[in-house]
*Asks:* 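Quick one: structure below, then a few questions.
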Amino acid sequence: MNELNFAKFINAKIVDGHLHFENVSFIKETFNFFQTLKVEKLGIVSYAHPKKVNSNPQALCFKAMYPEDVYIMGGLDYTGVKSYSKRRTEKELVQQLLKMIEIGFDGVKLLETKPTMYKEMPFSIDSSIYNSFFALLEEHQLPIFWHVADPEEFWDKEKIPPDAKKRGWDYTDGTYPSKEKLYSQVKNVLDKFPRLKIVFAHFYFLSRDLSRAEAIMDTYPGVNFDITPGSEMYYNFSEDSKKAREFFIKYQDRILFGDDTAIRGKGIQKRQITEKIFFMRNFLETNEEFSMIQGDENFLSKRGKIRGIKLPQVVLEKIYSENFFRIVGKKPRSLNISLAKGECHRIGDELKRTYRFRPEKNFAYKAEDFLVMQEGIRF
């Protein structure tokens, strides 16, 4: 890898607020690696998964090891809800949220409105089943890190990137919800619960329509965007970098940094992560023209040039950390390890009983064992 000159960037505190983490073996290595990139704190997002519940256990372990530096956004558990009545399901989701609050989660992650996940769901996000869930989030002002839709070209047979097809993100066969349908359902939620505190991932996939993004910001004061890279986002910004810069400055208090790293079974792709964070900082801090990095799954092997928007330092500091602290909290919420162990055991039982996980693959039981060890170290 060619040497990347991070020294040209400002000296700033950075919170990477969008990290997926699913392998407890890499906790220390992951944390130390991000420190070398001047990323001081991490926000781990764990979403509901139709075949393995969620990755809440791994997130809990990471926070247990670094309680002052790691924030965790929990995913829901939909195991069994298809057989529940509407009233029981609504109550179940509220109970899950109450438990997450009691355990010490810092927010909630929703992937339910990504098209692939949407097809797995027994009900839509604007269903009355979620009313009490969203009302409780609004009451506690607990932030939602929310993925809605995907890049518009994933619905276009002529424009969809080949790598998107390989990853199952081809929505052109008519069986997936349209992008506008997803936006419409989310709008129903926002109108019903106007005090929700939300961070829409990937700039809400509106980087090509900054006027619409501006209208959403102006209509819903609790809405924020993160700039985790999508395959289309930085190309779109560069089509009119002057307008993009004006947007970033106008909404400087409502834009968050995150790189969408995923740490799973294969370890840490250090080169990829380093190049991605350098790329993002280059875009934010310089007015240079440069090429899109290659080989990163989030960029889907696109080709082209990006032009930086060179933001003022005061704006950069807000995007890098201050906005995250204001929205999520200056410090991570305290973790109740005893309750966390119990939740890991419960998920482990579900993985064993419902999803037939073998003992050596049951990450929730392993997380429970990790927390037992961590509790012993702490006390």
Side-chain angles (χ1 to χ4, degrees), residues 1-19 33-40 151-153 159 161 163 201-211 213-214 224-261 269-324:
M1 177 174 65
N2 294 331
E3 191 67 28
L4 300 176
N5 182 23
F6 277 84
K8 70 178 181 177
F9 300 138
I10 68 168
N11 183 21
K13 294 180 180 179
I14 297 178
V15 178
D16 191 328
H18 194 135
L19 171 72
F33 171 65
F34 273 95
Q35 294 280 298
T36 68
L37 299 178
K38 309 303 181 185
V39 175
E40 298 185 2
E152 52 269 14
E153 57 259 39
K159 296 180 180 179
D163 285 352
H202 310 289
F203 211 77
Y204 204 34
F205 296 104
L206 288 178
S207 55
R208 185 163 287 158
D209 192 347
L210 293 182
S211 296
E214 185 170 348
N224 308 271
F225 294 162
D226 81 17
I227 53 171
T228 49
S231 61
E232 84 303 351
M233 183 192 301
Y234 290 91
Y235 284 114
N236 293 344
F237 288 149
S238 297
E239 287 177 2
D240 190 341
S241 56
K242 181 176 181 292
K243 187 173 182 180
R245 186 176 189 273
E246 290 171 353
F247 185 98
F248 273 67
I249 291 174
K250 182 176 181 180
Y251 298 103
Q252 60 187 267
D253 296 313
R254 298 166 67 183
I255 299 172
L256 285 73
F257 186 87
D259 84 310
D260 205 16
T261 282
Q269 297 175 308
K270 294 182 179 179
R271 172 177 176 170
Q272 203 175 88
I273 298 167
T274 302
E275 289 182 342
K276 189 192 305 183
I277 289 179
F278 181 89
F279 164 86
M280 295 177 70
R281 295 197 66 177
N282 216 33
F283 171 78
L284 294 170
E285 297 191 36
T286 79
N287 56 7
E288 297 171 6
E289 187 177 81
F290 51 94
S291 297
M292 180 71 81
I293 61 175
Q294 302 304 321
D296 187 285
E297 60 182 19
N298 293 300
F299 291 99
L300 304 178
S301 301
K302 279 202 170 188
R303 299 289 188 272
K305 293 289 185 179
I306 304 297
R307 179 171 292 281
I309 58 175
K310 197 174 184 180
L311 296 171
Q313 180 162 339
V314 65
V315 177
L316 292 167
E317 289 171 348
K318 290 178 179 181
I319 292 172
Y320 286 146
S321 64
E322 291 174 12
N323 293 339
F324 185 95

*Asks:* Which value, rounded to the nearest 0.5 Å, describes the distance between L316 atom CG and R281 atom CZ?
*Replies:* 8.0 Å
*Asks:* Using a strict cut-off of less than 4.0 Å between a Lys/Arg side-chain nitrogen and an Asp/Glu carboxylate oxygen, indicate whether E289 and K305 qualify as a salt bridge.
*Replies:* no
*Asks:* I want to check something: taking the side chain as every heavy atom from C-beta on, are D209 and N236 in contact at a cut-off of under 4.5 Å?
*Replies:* no
*Asks:* Looking at CZ of F6 and OG1 of T36, how far apart are the two atoms once the value is rounded to the nearest 0.5 Å?
*Replies:* 8.0 Å
*Asks:* Do I277 and T261 touch side chain to side chain, with heavy atoms closer than 4.5 Å?
*Replies:* no
*Asks:* Would you confirm whether the ring centroid of F237 sits within less than 6.0 angstrom of the ring centroid of F203?
*Replies:* yes
*Asks:* Kindly compute the distance separating CD (E285) from CD1 (I10), expressed to the nearest 0.5 Å.
*Replies:*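 Atom-to-atom, E285:CD and I10:CD1 are 5.0 Å apart.
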*Asks:* Using every non-hydrogen atom in the two residues, find where P229 and G258 come nearest and quote the distance to one decimal.
*Replies:*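 Looking at all heavy atoms of both residues, the closest pair is CD-O, 3.8 Å.
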*Asks:* Evaluate the side chain to side chain donor-acceptor pair (under 3.5 Å) criterion for residues T228 and D260: first the C-alpha distance (whole Å), next the side-chain angles of each, then the deciding distance (0.1 Å), finally the verdict.
*Replies:* CA-CA 6 Å; T228 49; D260 205 16; 5.3 Å; no
*Asks:* When you check the gap from the basic side-chain N to the acidic O, do K8 and E288 get nearer than 4.0 Å?
*Replies:* yes
*Asks:* For a quick test of reading the model, state the closest non-hydrogen atom pair linking D226 to H18 and the distance between them.
*Replies:*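 Scanning both residues completely, I find the closest heavy atoms to be OD2-ND1, 3.0 Å.
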*Asks:* Is L256 close to F225 at the side-chain level, that is, under 4.5 Å between some pair of heavy atoms?
*Replies:*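 Result no, sub-4.5 Å side-chain heavy-atom pair not found.
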*Asks:* Within 45° of the ring axis of Y235 and under 6.0 Å from its six-membered ring centre, is that where the NZ or CZ of R208 lies?
*Replies:*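 No - R208 does not lie over the ring of Y235 by the 6.0 Å and 45° rule.
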*Asks:* Less than 4.5 Å apart, side chain to side chain, heavy atoms only: is that true for F257 and N323?
*Replies:* no
*Asks:* Assess whether a salt bridge exists between K250 and E246, defined as any Lys/Arg side-chain N lying under 4.0 Å from an Asp/Glu carboxylate O.
*Replies:*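 Looking at E246 together with K250, the answer is no, because their closest N to O distance does not fall below 4.0 Å.
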*Asks:* Just so I know, are the side chains of F278 and L37 near enough to count as touching, which here means a heavy-atom distance under 4.5 Å?
*Replies:*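 Heavy-atom side-chain distance check fails, nothing below 4.5 Å.
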*Asks:* Under the rule for side chain to side chain donor-acceptor pair (under 3.5 Å), what residues qualify as partners of Q313, not counting sequence neighbours?
*Replies:*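 E317.
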*Asks:* Would you compute the distance between atom NZ of K242 and atom CG of N287 and round it to the nearest 0.5 angstrom?
*Replies:*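 Between atom NZ of K242 and atom CG of N287 there are 14.5 Å.
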*Asks:* Is the distance between the ring centroids of F247 and Y251 under 6.0 Å?
*Replies:* yes
*Asks:* For a 4.5 angstrom cut-off between non-hydrogen side-chain atoms, does F33 reach V39?
*Replies:* no
*Asks:* Could you work out, with side chain to side chain donor-acceptor pair (under 3.5 Å) as the rule, every residue matching E40, not counting sequence neighbours?
*Replies:* none
*Asks:* Report yes or no: does R245 contribute a side-chain atom to a donor-acceptor pair with the main-chain N or O of K310 at less than 3.5 Å?
*Replies:* yes
